[in-house]
Amino acid sequence: MSASRAALVCCFFCLVPGVPGTLRGPARAHLTSTNMDLVFRWEPAPGAPTGLTYSTEYRSSATPFRPGCVKISTPECDLTPFNISVYGMYTARVRAQLGDQGSEWVLSNNITLDRETSIGSPSVSLLSIGENLELVIKDPKFRVSRLRSVYSSATYNITYWKKNQENKARNVPDVQQNRVILDDLAPSSEYCVQVQIHTVKNPKPSFPSEITCGSTAGEKESPWVAALVVFVVMAAVVALVVVVVLRWKRISHFLCPKHVLPEYFKESLLDPPSSSLCFVMQNCPPVEEINHQVDVVPSARMLEEGDPLKAVESSCRDQLQTPGENRQHVSEETL
Ligand SMILES: *[C@@H]1O[C@H](CO)[C@@H](O)[C@H](O)[C@H]1NC(C)=O
Ligand SMILES: *[C@@H]1O[C@H](CO)[C@@H](O)[C@H](O)[C@H]1NC(C)=O
């Protein structure tokens, strides 16, 4: 009888909707943050029935509880998209549900994001610059805001060592620039670096970067030769540009030779055909191999012998009669 009475009592409680205490609350509810996210996790109570769902709420120190993920089946809720502030202190709570039953709320720890978030590892690359190595550091990406916005005075702690000599590692703390030249290195050697971020607000340093290695160049001359070649090429280009700029007038005249005609040529070409030369030339009918006629220029001999135009005029006349002979004639006269 007592067993059936117990079953009845149980049935009564089971049928009352949402009565607290009928389901055991989840265990180990905790808030964590990495790179400024906010994630709420818990574990199902030992011996919890299958088919449970969970509902969560969260609050900051300045606000009442607000709903987070509702009726989820996974024991995890990412609260990052719920408009969280990087300076906020957050608390969350979770309860299990099965049909109409619900457990008590289970509270999480508090977390103050900027002081407690785990800062991820920076990414590091090494560039070989002759005998030096240039280290380029990239901050981890934050889910909310940026590392440099939250931690304006973040610094890098750089550790580097010659490969296989980790016990002789050198340390450069408090570096603010994200590009650093390591210049006390031996040539033709492989070095490895690891970087960690330190902030004032967050007592935990970041996760260390991956160990990254790079080699220094061997030849002392090679960077000089390269620099010299670059310098010579640059100097040649600059000289060329200067020459072009200074001599532009000449160069443009050379490229457009019509401008280079002497003034008296221009004048005589632009004059109306008043000169007898022009007149005569116009009256000459086109002839084969007329280039001989273009050769007609006043020579010293012709000037001595008299008016060269007359000679041309007569040659034109001859040409009309016997073109073959006349070519000879003209060239004799003019040359
Ligand atoms: C986000 O939070 C800020 C302050 O915490 C509030 O002023 C703002 O209205 C919120 N925005 C939304 C979309 O909830
Ligand atoms: C920098 O990192 C090295 C190696 O991880 C560590 O020993 C040293 O204490 C750190 N320096 C600072 C200032 O935190």
Side-chain angles (χ1 to χ4, degrees), residues 121-141 146-148 152 154-165 168-195 197 209-271 290-292 294-300 335:
S121 52
S123 57
V124 167
S125 55
L126 272 180
L127 307 173
S128 173
I129 305 179
E131 280 182 81
N132 303 329
L133 288 174
E134 187 184 16
L135 170 63
V136 182
I137 306 166
K138 266 175 80 181
D139 292 332
K141 256 192 123 150
R146 289 169 40 245
L147 182 133
R148 290 278 152 191
S152 52
T155 57
Y156 303 112
N157 180 6
I158 300 168
T159 309
Y160 62 101
W161 59 92
K162 204 169 184 173
K163 194 156 190 173
N164 303 324
Q165 297 184 10
K168 290 190 200 161
R170 277 167 276 184
N171 208 242
V172 192
D174 299 326
V175 175
Q176 297 201 317
Q177 306 88 327
N178 64 345
R179 284 174 173 265
V180 182
I181 303 275
L182 305 175
D183 57 4
D184 54 349
L185 310 177
S188 294
S189 306
E190 190 168 12
Y191 284 86
C192 299
V193 293
Q194 191 168 37
V195 178
I197 302 172
S209 72
E210 280 182 17
I211 294 172
T212 306
C213 303
S215 297
T216 55
E219 295 295 303
K220 276 199 171 183
E221 291 84 7
S222 62
W224 278 104
V225 170
L228 195 67
V229 168
V230 168
F231 177 79
V232 166
V233 169
M234 294 283 278
V237 168
V238 168
L240 192 68
V241 168
V242 167
V243 165
V244 166
V245 168
L246 292 183
R247 300 289 171 109
W248 178 245
K249 240 179 166 174
R250 278 195 185 187
I251 290 170
S252 64
H253 282 188
F254 174 75
L255 293 174
C256 313
K258 61 185 170 191
H259 293 268
V260 94
L261 278 179
E263 273 307 310
Y264 75 92
F265 264 133
K266 275 195 220 167
E267 281 163 16
S268 61
L269 284 172
L270 292 173
D271 271 353
I290 200 151
N291 36 349
H292 283 283
V294 177
D295 286 343
V296 172
V297 278
S299 72
L335 294 176

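Sequential numbering from 1 along the given sequence is applied to the chain's residues.
- We find the OG-CD distance between S152 and Q176 to be 9.5 Å, quoted to the nearest 0.5 Å.
- Distance CD1/I129 to CG/L185: 11.0 Å, rounded to 0.5 Å.
- In terms of modelled atom types and a separation under 3.5 Å, the side chain of Q194 and the main chain of S209 share a donor-acceptor contact.
- The distance from atom CH2 of W161 to atom CG of N171, rounded to the nearest 0.5 Å, is 10.5 Å.
- The line from CD1 of I137 to CD of Q177 is 9.0 Å long, rounded to the nearest 0.5 Å.
- Summarising the geometry of S121 relative to P140, their closest heavy-atom pair is O-CB, 3.8 Å, with the distance given to 0.1 Å.
- Distance CD1/I158 to CG/L135: 5.0 Å, rounded to 0.5 Å.
- When all heavy atoms of A154 and L147 are compared, the closest pair comes out as CB-CD2, 4.0 Å.
- A distance-only check finds no donor-acceptor pair linking the side chain of Y156 to the backbone of V172 [under 3.5 Å].
- The CG atom of D183 sits 5.5 Å away from the CG atom of N132 when rounded to the nearest 0.5 Å.
- Looking only at side-chain heavy atoms (C-beta outward), L133 and S128 come within less than 4.5 Å of each other.
- Taking every heavy atom of both residues into account, E131 and A217 meet most closely at CG-O, 4.0 Å.
- Surrounding CD of E210 are at most 12 heavy atoms belonging to other residues, nucleotides or ligands under 6.0 Å away.
- Inter-residue side-chain proximity for R170 and L182 is flagged as unmet; no heavy-atom pair is nearer than 4.5 Å.
- Considering only heavy atoms from C-beta on, T212 stays 4.5 Å or farther from S125 through its side chain.
- Looking at T216, its side chain does come within 3.5 Å of a backbone N or O of S189 through a donor-acceptor pair.
- Between the R148 side chain and the D139 main chain, no donor and acceptor come within less than 3.5 Å of each other.
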